[in-house]
There are 2 protein chains.
Amino acid sequence: MNASHFDIDVGARLRELRIRHGLSQRALAKRAGVSNATVSMVEANRISPSVSGLRQILSGIPYSLSEFFAETHPPAEQVVFRAAELKEIGGGKISYRQVGANLEGRSLQMLHERYKPGAVSGKAMLSHQGEEAGLIIRGRMLLEVDGARYELGPGDAYFFDSRKPHAFRNAGEEDLELVSACTPPSF
Amino acid sequence: MNASHFDIDVGARLRELRIRHGLSQRALAKRAGVSNATVSMVEANRISPSVSGLRQILSGIPYSLSEFFAETHPPAEQVVFRAAELKEIGGGKISYRQVGANLEGRSLQMLHERYKPGAVSGKAMLSHQGEEAGLIIRGRMLLEVDGARYELGPGDAYFFDSRKPHAFRNAGEEDLELVSACTPPSF
DNA sequence: TTCATGTGTTCAGGATATAGAACGTTCTTA
DNA sequence: TAAGAACGTTCTATATCCTGAACACATGAA
């Protein structure tokens, strides 16, 4: 289904979190209300804890199951991206300039977008969960989300669930310029 | 620590996913290589499956543990936020204007930021995992990430892992204006 | 009706996780 | 040195999960 099923190493992940928070196995066990032996064996992958058991262990850090199983992203390398080197994604009437080079494994995507007058984009229905937001820098935008229409000017912004059908249009005579962000990356 | 620990209902979640994919308990059990009794009891929350057991069940859908435990966000309400109604978060020399009213349960946060000359902000060490990105609209910014310093002008952008220590400073004589996004929300 | 097939649930026994107490090691401090 | 405390690991009885086989109910066909 979704890519990247590099089945998580529960033991290693627990150990990593515990140590990052400066806790010993016994300290964590005490805070969580479980035995230190359990923590030890879970970390060594000698046993596979029940979901409720793992939840209890994590409560001592504290961490939620969602956070525990959230994909771990490799650290970012390049920090600053000059205006000239922003990667051009679109072409023609719409220009998407992406902040960041390789978004593989990232949870955030930011774009510097330019729409020529009359340019339209958008998606009918969406694949995966996510959110997107944007803020208008220059020009006028006509936004349609889930059937409703809005006209936005400089300083105005939007925020919605990516699964809703949506469309963007340059509603003015000059170029439309905006900064958008979405999670997770859609390209 | 982080808010929103509405402990997930494992049984209900599994049942929801199974039915959404048009599978009976037995069909799922067969594909996953477990007994139908297990699926039944897990869905009824009569037992709390081991992590490995749950992983095996999910392999029949298929679903990863990450996807299974991913927070389900309530649908967004308001879509458009006028420049005048963007919620002001900071004060004084730095103004943060947040896109979106209530970010509880959201994974994305976007800010329209203004720094007066000399204004500084940033964090030494970070609590939780996440990423942040930004794009300069006006003015000059001095960015420090993990010890390295960069000067950015209009159109320039940044992207880094939130856990790295970082600081922002208005390095010019005029106001600094930028759009930033981070995940997950830090306020 | 009667049979066949589908659904989800419940039961008893073998497999596995967990608690509590022991173990061996590595420090620090006297 | 030795004593003490902290660390992670290992042992054994008990609690829990998980299977394979029944169970009860619904639907559709003959």
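Letters go in sequence order (proteins before strands), and every chain restarts at 1. Since this is a predicted model, take the numbers as computed values, not measurements.
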Short heteroatom pairs, N/O only, protein and nucleotides 24-27 of chain D, under 3.5 Å:
none

Who passes side chain to side chain donor-acceptor pair (under 3.5 Å) against B:Asn45, sequence neighbours left out? B:Asp9
Given atom CG of B:Asn45 and atom C1' of D:dT16, what is their separation to the nearest angstrom? 15 Å
Tell me the interatomic distance from A:Gln25, atom CD, to D:dT10, atom C1', rounded to whole angstroms. 12 Å
Distance in angstrom units between B:Lys30 NZ and C:dT7 P, rounded: 11 Å
Can you check whether B:Ser40 has a side-chain N or O nearer than 4.0 Å to OP1 or OP2 of C:dT9? yes
Using whole Å, report how far CZ of B:Arg55 lies from P of D:dC18. 13 Å
Name all residues meeting the side-chain contact (heavy atoms from CB on, under 4.5 Å) criterion together with A:Ile19; count only those two or more places apart in sequence or in a different chain, and write none if there are none. A:Arg15
pair A:Tyr115-A:Phe168: side-chain heavy atoms closer than 4.5 Å: yes
Thinking salt bridges, do A:Glu173 and A:Arg140 make one under a 4.0 Å N-O criterion? no
Under the side-chain contact (heavy atoms from CB on, under 4.5 Å) test, which residues partner A:Ala171, sequence neighbours left out? A:Leu142
Tell me: CG of B:Leu28 to P of D:dT19, nearest whole Å? 12 Å
Those residues that, when tested against B:Arg31, pass side-chain contact (heavy atoms from CB on, under 4.5 Å) (two or more places apart): B:Leu23
According to side chain to side chain donor-acceptor pair (under 3.5 Å), who are the partners of B:Ser40, at least two apart in sequence or on a separate chain? none
Sequence neighbours excluded, the answer for side-chain contact (heavy atoms from CB on, under 4.5 Å) partners of A:Lys116 is A:Lys93, A:Asp175
Ignoring hydrogens and geometry beyond distance, is the side chain of B:Arg26 in donor-acceptor contact with the base of C:dG8 at under 3.5 Å? yes
Tabulate atom names and distances for all N/O pairs under 3.5 angstrom spanning the protein and nucleotides 14-18 of chain C.
from	atom 1	to	atom 2	distance (Å)
C:dA17	OP1	A:Ser48	N	3.1
C:dT18	OP1	A:Ser50	N	3.1
C:dT18	OP1	A:Ser50	OG	3.4

Measure the distance from CG on B:Asn36 to C1' on D:dG20 and round it to the nearest whole Å. 9 Å
Whole angstrom value for the distance that separates P of D:dT9 from CD of A:Glu43: 7 Å
Under 4.0 Å: is that the gap between some side-chain N or O of B:Arg15 and OP1 or OP2 of C:dT9? yes
For A:Arg169, enumerate each residue passing the salt bridge (charged side-chain N to carboxylate O under 4.0 Å, His left out) test, keeping only those at least two apart in sequence or located in another chain. none
